[in-house]
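To start, the structure under review is shown below, and the notes come after it.
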Amino acid sequence: MNSNGLSFDDINLDPAKIPSHVAIIMDGNGRWAKKRLMNRIKGHEKGADTVRAIVRCCRKLGIKILTLYAFSTENWLRPKAEVTALMGLLKRFLDSEEKELLEKNIRLNTIGQTQRLPQNVRTVLTRVKASTQDNDGMLLNLALSYGGRSEIVEMVRKIGTRVADGELTPKDITEETIVDHLYTRDMADPDLLIRTSGEMRLSNFLLWQIAYSEFLVTDTLWPDFSETEFISIITQFQNRERRFGRVLET
Ligand code: FPP
């Protein structure tokens, strides 16, 4: 039984091999709605319910960081009505979840060009980040207006400025310097990357950080993704041999 009242025997998981950081590309909301002859926005609404369930499940399992790809830099190119609906949904989600984040000791963080988000979303994000800033049970890391390439461009600009200012020389630049200038600077890299809805693509997500992440893809559309399937994916993760490019002794 862990401190969240969860028995690992019941769910067939090894508590010593719970991934610290799980990242998810939540895909398939549109197809879920289309299959039901519904507006795509209904798919996103159902998808927000899945977000709630998976956040709770991660907290129960003792996962330390959950990074969710909620809105990409490319998603700004979707029809205006869909972008507006997604922003409204995000705001409602944060308003309604703040209490539970506080109760469950979860800190909210964002990665991405959040300055591009509408003012009312930025206001609620600032509030919830501040109210949860001392929570240390889990980090809920929302990728919002996020793109891996633009993150790399920003990182290069920041390091370039430091070189131009004479704070660093090119020879001082190491992998650590790069990590320190990414949005994820204080986070361990994802151990596990999950993508729903069957597409085998990275879609510009965490390009630097997933160098050694285990990648698991399920055909399930995000609104149908469940706690049971999430746990089964963690079981598959636990059965993977992580070699980080090395040969393991036999
Ligand atoms: C991909 O499905 C999903 C998105 C672009 C947005 C993800 C948003 C949510 C899960 C809901 C809101 C999020 C939070 C954090 C409350 P898609 O529209 O690309 O699906 P499709 O590929 O089937 O068209």
Side-chain angles (χ1 to χ4, degrees), residues 22-59 63 65-101 104 106-114 116-118 120-129 132 138-148 150 183 193-206 217-227 229-230:
V22 176
I24 309 184
I25 302 174
M26 310 181 288
D27 195 15
N29 294 348
R31 274 162 285 169
W32 184 93
K34 198 172 169 203
K35 275 201 333 198
R36 289 162 178 77
L37 306 177
M38 289 173 170
N39 186 303
R40 295 175 55 82
I41 292 159
K42 287 279 171 224
H44 296 312
E45 286 172 0
K46 188 77 172 36
D49 293 339
T50 307
V51 171
R52 205 170 282 118
I54 297 304
V55 170
R56 282 182 188 155
C57 182
C58 286
R59 181 71 186 96
I63 287 165
I65 307 176
L66 173 65
T67 298
L68 297 176
Y69 205 4
F71 195 85
S72 71
T73 43
E74 291 72 29
N75 288 156
W76 290 114
L77 300 171
R78 291 193 175 197
K80 193 167 178 290
E82 186 173 344
V83 172
T84 306
L86 275 166
M87 292 300 141
L89 188 56
L90 182 62
K91 183 180 175 314
R92 288 200 301 282
F93 176 85
L94 293 164
D95 277 330
S96 67
E97 293 312 292
E98 184 175 14
K99 186 163 168 277
E100 187 162 338
L101 295 178
K104 297 212 154 84
I106 299 173
R107 178 161 73 91
L108 178 77
N109 184 58
T110 55
I111 55 173
Q113 299 176 335
T114 44
R116 292 179 71 184
L117 299 170
N120 63 346
V121 175
R122 291 200 325 254
T123 303
V124 64
L125 278 172
T126 306
R127 190 191 73 228
V128 180
K129 278 193 216 176
T132 62
M138 183 175 114
L139 179 69
L140 172 60
N141 191 33
L142 294 183
L144 292 171
S145 190
Y146 175 87
S150 56
Y183 298 131
L193 173 66
I194 300 171
R195 181 167 188 144
T196 58
S197 92
E199 311 283 356
M200 301 283 185
R201 272 198 296 276
L202 287 179
S203 302
N204 203 11
F205 192 42
L206 300 177
V217 176
T218 168
D219 285 338
T220 307
L221 304 176
W222 178 251
D224 289 329
F225 192 65
S226 64
E227 176 169 352
E229 184 168 6
F230 182 70

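Note: hydrogens, waters and symmetry copies are ignored here, and every other heavy atom, side chains too, is used. In what follows, residues are counted from 1 in the order of the sequence shown. In listed order, ligands and their atoms are each counted from 1. No experiment lies behind these values; they were computed from the predicted model shown.
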Has ligand 1 got any nitrogen or oxygen that is less than 3.5 angstrom from a nitrogen or oxygen of Asn29? yes

Which protein heavy atom lies closest to atom 14 (C) of ligand 1, and at what distance to 0.1 Å? Val51 CG2, 4.1 Å

Is there any N or O on Arg40 that sits under 3.5 Å from an N or O of ligand 1? yes

Please determine whether any non-hydrogen atom of Glu45 lies less than 4.0 Å from an atom of ligand 1. no

Protein contact of atom 16 (C) of ligand 1 - nearest heavy atom, named by residue and atom, plus distance: Phe93 CG, 3.4 Å

Compute the shortest N/O to N/O distance between Asp27 and ligand 1 and return yes if it is under 3.5 Å, no if not. yes

Pair Gln113-Thr73, side-chain donor/acceptor within less than 3.5 Å: no

Return the residue, atom name and 0.1 Å-rounded distance of the protein heavy atom closest to atom 20 (O) of ligand 1. Gly30 N, 3.0 Å

Over 60° means perpendicular and under 30° means parallel, so classify the ring planes of Tyr69 and Phe205, tilted if in between. parallel

Indicate yes or no for a side-chain donor-acceptor contact from Thr196 to the backbone of Thr218 under 3.5 Å, with no hydrogens or angles considered. no

Taking 4.0 angstrom as the limit and counting only heavy atoms of Asn75, give me the atoms of ligand 1 inside it, by number and element. 5 (C)

Are Glu100 and Arg52 ion-paired here, with the side-chain N under 4.0 Å from a carboxylate O? no

Any non-hydrogen side-chain atom of Thr114 less than 4.5 Å from a side-chain atom of Tyr183? no

Examine Arg78 relative to Trp76 and say whether NZ or CZ is less than 6.0 Å from the centre of the six-membered ring and inside a 45° cone about the ring axis. no

With a 4.0 Å cut-off, would you call Arg56 and Glu227 a salt bridge? no

In terms of residue, atom name and distance, what is the protein heavy atom nearest to atom 6 (C) of ligand 1? Ala70 O, 3.3 Å

Atom 3 (C) of ligand 1: nearest protein contact (heavy atom, Å): Met26 O, 3.1 Å

Does Arg31 pair with Asp224 as a salt bridge, N-O distance under 4.0 Å? no

Output yes when the distance from some N or O of ligand 1 to some N or O of Arg78 is under 3.5 Å, and no in every other case. yes

shortest atom 12 (C) of ligand 1-to-protein heavy-atom contact is with Leu89 CD2, 3.9 Å

Heavy-atom nearest pair, Ile106 first then Thr132, reads O-CB, 3.4 Å

Give a yes or no answer on whether the side chain of Trp222 reaches the backbone of Gly47 with a donor-acceptor pair at less than 3.5 Å. yes

N/O donor-acceptor pair under 3.5 Å between Arg59 side chain and Lys104 backbone: yes

Of all the heavy atoms in Leu68, does at least one lie under 4.0 Å from an atom in ligand 1? no

Which part of Phe71 is near ligand 1, with near meaning a heavy atom under 4.0 Å away: side chain, backbone, both or neither? neither

Give the residue, atom name and distance (to 0.1 Å) of the protein heavy atom nearest atom 11 (C) of ligand 1. His44 O, 3.6 Å

Using non-hydrogen atoms of the residue, decide whether Lys34 is closer than 4.0 angstrom to ligand 1. no

Short list, please: which atoms of ligand 1 are under 4.0 Å from a heavy atom of Trp222? 10 (C)

